[in-house]
Amino acid sequence: MRHLFYIVTLFIFLTCSSSKNDSDKQRFLIRGNDALSRSEYKDALRYFNGAIALDSCYVNALNNIGIVYFESNKYSEAIQSYDAAILCQPTYWDAYLNRASA
């Protein structure tokens with residue numbers, strides 16, 4: 001399920017690029033997803049946080065930070081990250097599903 005999410009996220013961002021800031025956020029997200037897929041959690045967090053620095057309500061990055069924490073068995077931090085994504089976009093269902101898993 002997680003791999004399908006990465007592929008869909010990558011496709012959406014590659015087709016919807018509209019500005020330099022969006023392109024930078026997408027690059028951070030793609031690099032973070034790549035690091036996450038290799039279980040390089042420290043690097044993944046660094047990239048996702050780079051995207052968050054550009055847009056504090058970037059729900060894809062917030063959700064993926066939660067995934068990093070979940071994979072690292074840091075469930076309370078994961079829930080906080082999922083909560084932040086939900087606060088930014090209440091209809092972001094992936095965060096609800098991931099939060100329920102945590």
Side-chain angles (χ1 to χ4, degrees):
M1 178 175 151
R2 199 172 64 213
H3 297 308
L4 177 61
F5 173 74
Y6 298 146
I7 293 168
V8 171
T9 302
L10 175 64
F11 176 76
I12 290 170
F13 288 126
L14 291 176
T15 59
C16 297
S17 181
S18 63
S19 72
K20 172 89 169 101
N21 191 31
D22 287 341
S23 296
D24 290 343
K25 289 189 313 185
Q26 292 168 11
R27 268 189 236 119
F28 278 120
L29 187 71
I30 291 167
R31 289 177 181 160
N33 287 342
D34 185 46
L36 181 58
S37 71
R38 294 189 315 268
S39 299
E40 296 173 356
Y41 301 128
K42 185 176 179 181
D43 289 337
L45 274 178
R46 184 170 48 91
Y47 288 123
F48 294 142
N49 283 322
I52 296 299
L54 296 173
D55 180 356
S56 62
C57 254
Y58 191 32
V59 293
N60 292 311
L62 289 168
N63 186 60
N64 289 359
I65 288 171
I67 292 170
V68 169
Y69 286 134
F70 183 83
E71 294 291 324
S72 301
N73 298 322
K74 297 179 180 179
Y75 302 114
S76 63
E77 290 92 340
I79 289 171
Q80 290 174 357
S81 186
Y82 299 138
D83 285 344
I86 291 167
L87 283 174
C88 288
Q89 186 178 336
T91 59
Y92 191 68
W93 300 114
D94 286 338
Y96 287 102
L97 294 172
N98 289 333
R99 189 182 190 290
S101 294

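A distance of 12.0 Å separates CG in L29 from CG in D22, rounded to the nearest 0.5 Å. One distance of note links NZ of K74 with CD of Q80; it measures 12.0 Å at 0.5 Å rounding.
Contact between Y41 and E71 at its shortest, heavy atoms only, is OH-CB, 3.4 Å. Nearest heavy-atom pair, A35 versus D43, reported as atom, atom and distance to 0.1 Å: CB-CB, 4.0 Å. The minimum heavy-atom distance between V59 and C88, with the atom names listed, is CG1-CB, 3.7 Å. Considering every non-hydrogen atom in both A102 and A78, the closest pair reads CB-CB, 4.5 Å. Smallest separation of non-hydrogen atoms from S56 and L62: O-CD1, 3.9 Å. Of all heavy-atom pairs between I86 and R99, the closest is CD1-CD, 4.2 Å.
Side-chain contact check for Y47 versus L45: every heavy-atom pair is 4.5 Å or farther apart. You'll find the side chain of F48 reaches within 4.5 Å of the side chain of N33, heavy atoms only. Between Y92 and N60, some side-chain heavy-atom pair lies under the 4.5 Å cut-off.
Ion pairing of D34 with R31 is absent here, as no side-chain N (NZ or NE/NH1/NH2) approaches a carboxylate O to less than 4.0 Å.
Within the 6.0 Å centre-distance limit, the rings of Y75 and F70 are counted as a close aromatic pair.
Panel note: side chain Y96, backbone P90; a donor-acceptor pair is recorded below 3.5 Å.
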Query - Test log, rule side-chain contact (heavy atoms from CB on, under 4.5 Å), inputs N63 and I67 - result: CA-CA 6 Å; N63 186 60; I67 292 170; 4.0 Å; yes
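Hydrophobic clustering (ILVMFWY, side-chain heavy atoms < 4.5 Å, transitive): I79 and V68 are in distinct clusters. Y69 and F28 are assigned to two separate hydrophobic clusters, defined by single-linkage of ILVMFWY side chains at heavy-atom distances under 4.5 Å.
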